[in-house]
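Numbering of ligands and ligand atoms starts at 1, following listing order. As a basis for the values below, the full set of heavy atoms in this structure was taken, side chains included, without hydrogen atoms, waters or symmetry mates. This one's a predicted model, so the numbers in the text were calculated from it and none came from an experiment.
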Amino acid sequence: MRAVVYDAYGGEPGVREIDPPECPADGIVVRVGATGVCRSDWHAWRGHDPVPLPMVPGHEFAGTVHEVGPQVRRWAIGDRVTAPFVLGCGRCEYCAVGDLHVCPDQVQPGFTYPGSWAELVAVPVADANVVRLPDSVDMLAGASLGCRFATSFRAVRTHGRVAADEVVAVHGCGGAGLSAVMIAKALGARVIAVDVSLEARQRAGELGADVLVDPLEHPDVPGHIQELTDGGAHVSVDAVGVPTVAAASVACLRRRGRHLQVGLLLGPEATAGIPMDLVVARELQVLGSHGMPARDYPEMLGLIASGELDPRRLVGSVVELDGAPSALRAMGEPPASTGITIVAMERSWIERPR
Ligand SMILES: [Zn+2]
Ligand SMILES: [Zn+2]
């Protein structure tokens, strides 16, 4: 099968023929319809998050079931499916209560085994990890859900408990941040979107952000947000994963506010300097979001099917598999276009995104 492969950290990724994945006894093999290009693929390729080499990137995908292991009960060939980027073991105490996204024995396509920038990708423990894609959610939308959108959904909805008319600050308007803007608006919040890129701020505005903040114009972002909101945001999201942004997100909160860490903090940046004096004095909550387990997808998919959430609006560009290596390289550069890049496996699905 054809797949994108890199052999060394930072080495040239290329499309080549490799052996198709073996179907796990408890898993399925999915024929990939579309798959997302995420900054965590870039982190892995750069070696910030060590992975076995060579590696096939890709952890956000939608497709159809191509092969079914003998122990699988829920899935049949041809079913339209997606899966979270974290796949649980299905047996431990966390998986037993549905929290597969924090399973200690988790695996992740594109990080611990060959991922979805390929014609086929395996998904273990399919009865617990795989999600049915409603007919109304197409492959491009399905491929944009598994990492950034689901992580933001869990952050804003489950951890943030965002209520109507609350103020949500979103720091960083890449894929995760734009997802957070859309989800917070759907929950009735007022949204302050922060990004150094004019294009990213404009995109956030198109998705409903009420106030757009340029940190170059307002270097004291927390102070500016405190002023704009008469005391700070109720909820704030670091959708970038940079220590200064995480600290600014905590500092812009009003009393009893909730900080949501969505962006990955990796390597030397892993221990971000959070202003713990404010966490105590203002009784702030600092909450991490690590994807979303399959169990919680139906609510999100329901909101997508009803049109309240429209992840297709986050898609900035659609490329073929041959275009994936340059899309990976571009993740480390200032955005040429904003929004999520999706790799479509069928040329006919490469259409102008909305
Ligand atoms: Zn487990
Ligand atoms: Zn990701």
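- Ser152 and Ser179 form no side-chain donor-acceptor contact under 3.5 Å, judged by distance and modelled atom types alone.
- Each of Val15, Val5, Leu328 was scored for a side-chain contact (heavy atoms from CB on, under 4.5 Å) with Trp117, with one residue passing: Leu328.
- Under a 4.5 Å side-chain heavy-atom criterion applied to ILVMFWY residues, the cluster that includes Val102 comprises Tyr94 as well.
- Of the N and O atoms on the side chains of Asp41 and His59, at least one donor lies less than 3.5 Å from an acceptor on the other residue.
- Counted by atom type alone, His101 and Arg154 present one or more donor-acceptor pairs between their side chains at under 3.5 Å.
- Under 2.8 Å from the Zn ion (ligand 1), one finds the following protein N/O/S atoms: Cys89 SG, Cys92 SG, Cys95 SG, Cys103 SG.
- Aromatic ring orientation, His218 versus His224: parallel (interplanar angle below 30°, classes split at 30° and 60°).
- Identified under the salt bridge (charged side-chain N to carboxylate O under 4.0 Å, His left out) test for residues 156-166, with sequence neighbours left out: Arg157-Glu299, Glu166-Arg258.
- Here the options are Val125, Asp26, Asp127, the test is side-chain contact (heavy atoms from CB on, under 4.5 Å), and the partner is Gln71; only Asp26 passes.
- Checked by atom type and distance alone, the side chain of Thr151 pairs as donor or acceptor with a backbone atom of Cys147 at under 3.5 Å.
- Counting only protein N, O or S atoms closer than 2.8 Å to the Zn ion (ligand 2) gives 4.
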